[in-house]
Amino acid sequence: MALLIRNGDIVTADSRFRGDIWVEDETVTRIGRGLDAPPGVEVIDASGKMVFPGFIDPHVHIYLPFMSTFAKDTHETGSIAALVGGTTTFIEMCCPSRLDDPLEGYQLWKSKAEGNSACDYTFHMSVTQFGERTEGQLREIAADGISSFKVFLAYKNFFGIDDGELYQTLALARKMGVIVTAHCENAELVARLQQGLLAEGRTGPEWHEPSRPEAVEAEGTHHFATFLEATGAAGYVVHLSCRAALEKALAAKAKGVRLWVESVIPHFLLDKSFAERPGVEGMKHVMSPPLRERGNQVALWDALRAGFVDTVGTDHCPFDVAQKRMGLEAFTQIPNGIPGIEERVNLLYTYGVKRGGLGLHRFVDAASTQAAKLFGLFPRKGAIAVGSDADLVIYDPEYRGVLSASTQHANCDYSGFEGMEIEGRPSAVTVRGQVQVRDGKFVGERGRGRMLKREAIY
Ligand code: URP
Ligand code: ZN
Ligand code: ZN
């Protein structure tokens, strides 16, 4: 069935104009002014609203066995939370551990998502070991449409790889034309610092940040960049949290290393004092890299405005309070992660565009278009153009609200952003032409989401 979105302020990464969008067969087929709606066609009046391309979250965890437990969302709950917040595509980290078979892991992650996600999705394929069969398996996975690998320099003995494996992964990725995303913290230093703190009786969540200080992330970022330079591979630093790491990334970029940077919404808005709250309140805010000294936020916002931070993701990773309590005796046992898939766009719009001098086009670029380009989804996603998927966010900039766990859709009993104001939210969200959300409520088709296959790499 056709859909007409009328009289919206259409905003993309590089253009802004008032107009109408005609949608048919899941795609945008006409863009113009004064388009007629024949009887029976669904019409959305977007007067007074902005119309954005569907937002893309380049870094989420939905199915995740991690730290002796599992992240709480299912693909149904996580995708509904995403859509209510304006995210129409997410890229999930497919994370088999070092002991798992990668191909079996990939099939497992796919099976969890298939038929259960209400929005479109794809995966970054984690490389957590590199053995004799790895190259063949990774080629098979790439042939299935996956455009990016993921490596962890952190999480020793679980997801983490050694330097030999890192080199082999990057050399292969270079040959295959696949971009490699990386969690950049030096695993050995984290392990040693953790042991030292615990031995001194420093067990509370406030010691999580000192166990993975900025220098450890800066070293990891520099390390990754050095390996990229040596292999000629293209890389993407995930969840970069601090000025020291940013400086390493920018120095590498300035030398011509093909490196892109993602920062995630908790690091822009929350600081380490949240994790220093007593007991479980602090545990709710334990993630890695950790929440930092507030001064780092200035560096991240500046870099985002300037385009040195390329994308904004969430690292959505919900563990509930009972799971967080696993770390009551030792901060090293607190499952790492904070949910955010639902809040990202509204927080970035509120604290970036409305209150922080972030340009509207940069906002769209960082929250949608850049990820589409980097991960082989553009211009099907990340654009409003004839032929693009009709993933559209009709956004109400006049909405006022307050974030709370009591109203969120993610399967978690707390919000890392409890009590924060938002100025703006989607009033309607479409996935390939189907209205999935109206005014904060999921009204659509569960299981509508499809796995996306790589189109082209920019
Ligand atoms: O704390 C985090 N970030 N949890 C999820 C795993 C990861 O490192 O991305
Ligand atoms: Zn990570
Ligand atoms: Zn992550």
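Whatever order the structure lists them in is the order used to number ligands and atoms, beginning at 1.
If you look at Asp315 next to ligand 1, the close heavy atoms, those under 4.0 Å, all belong to the side chain. With a heavy-atom cut-off of 4.0 Å, His61 touches ligand 1 through its side chain alone.
By the 6.0 Å and 45° rule, Lys324 does not stack over the aromatic ring of Phe319.
Phe274 and His285 have tilted rings, their planes meeting at an angle from 30° to 60° on a 0 to 90° scale.
Considering Thr87, Ile338, Val60, Leu347 as possible partners of Thr314, the one that fulfils the side-chain contact (heavy atoms from CB on, under 4.5 Å) test is Val60.
Under the rule for a side-chain hydrogen bond (donor to acceptor under 3.5 Å, both in side chains), the partners of His183 that lie at least two apart in sequence or sit in another chain are Glu185, His239.
Residue contacts with ligand 1: Lys150 is placed with no nitrogen or oxygen under 3.5 Å of a nitrogen or oxygen of the ligand (distance criterion only).
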Got a list of side-chain donor-acceptor pairs under 3.5 Å for residues 149-159, not counting sequence neighbours?
residue, atom, partner, partner atom, Å
Lys156, NZ, Glu188, OE1, 2.8

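Residue pairs meeting the ring-ring contact (aromatic ring centres under 6.0 Å, His included) criterion with at least one member in residues 71-90, sequence neighbours excluded, do not occur.
The ligand atoms of ligand 1 that sit less than 4.0 angstrom from a heavy atom of Ser288 are 1 (O), 2 (C), 3 (N), 8 (O).
The set of protein atoms (N, O or S) found at less than 2.8 Å from the Zn ion (ligand 3) reads His59 NE2, His61 NE2, Asp315 OD1, by chain and number.
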ring-ring contact (aromatic ring centres under 6.0 Å, His included) between Phe268 and Trp301, intermediate numbers included:
CA-CA 7 Å; Phe268 284 99; Trp301 282 113; 4.8 Å; yes
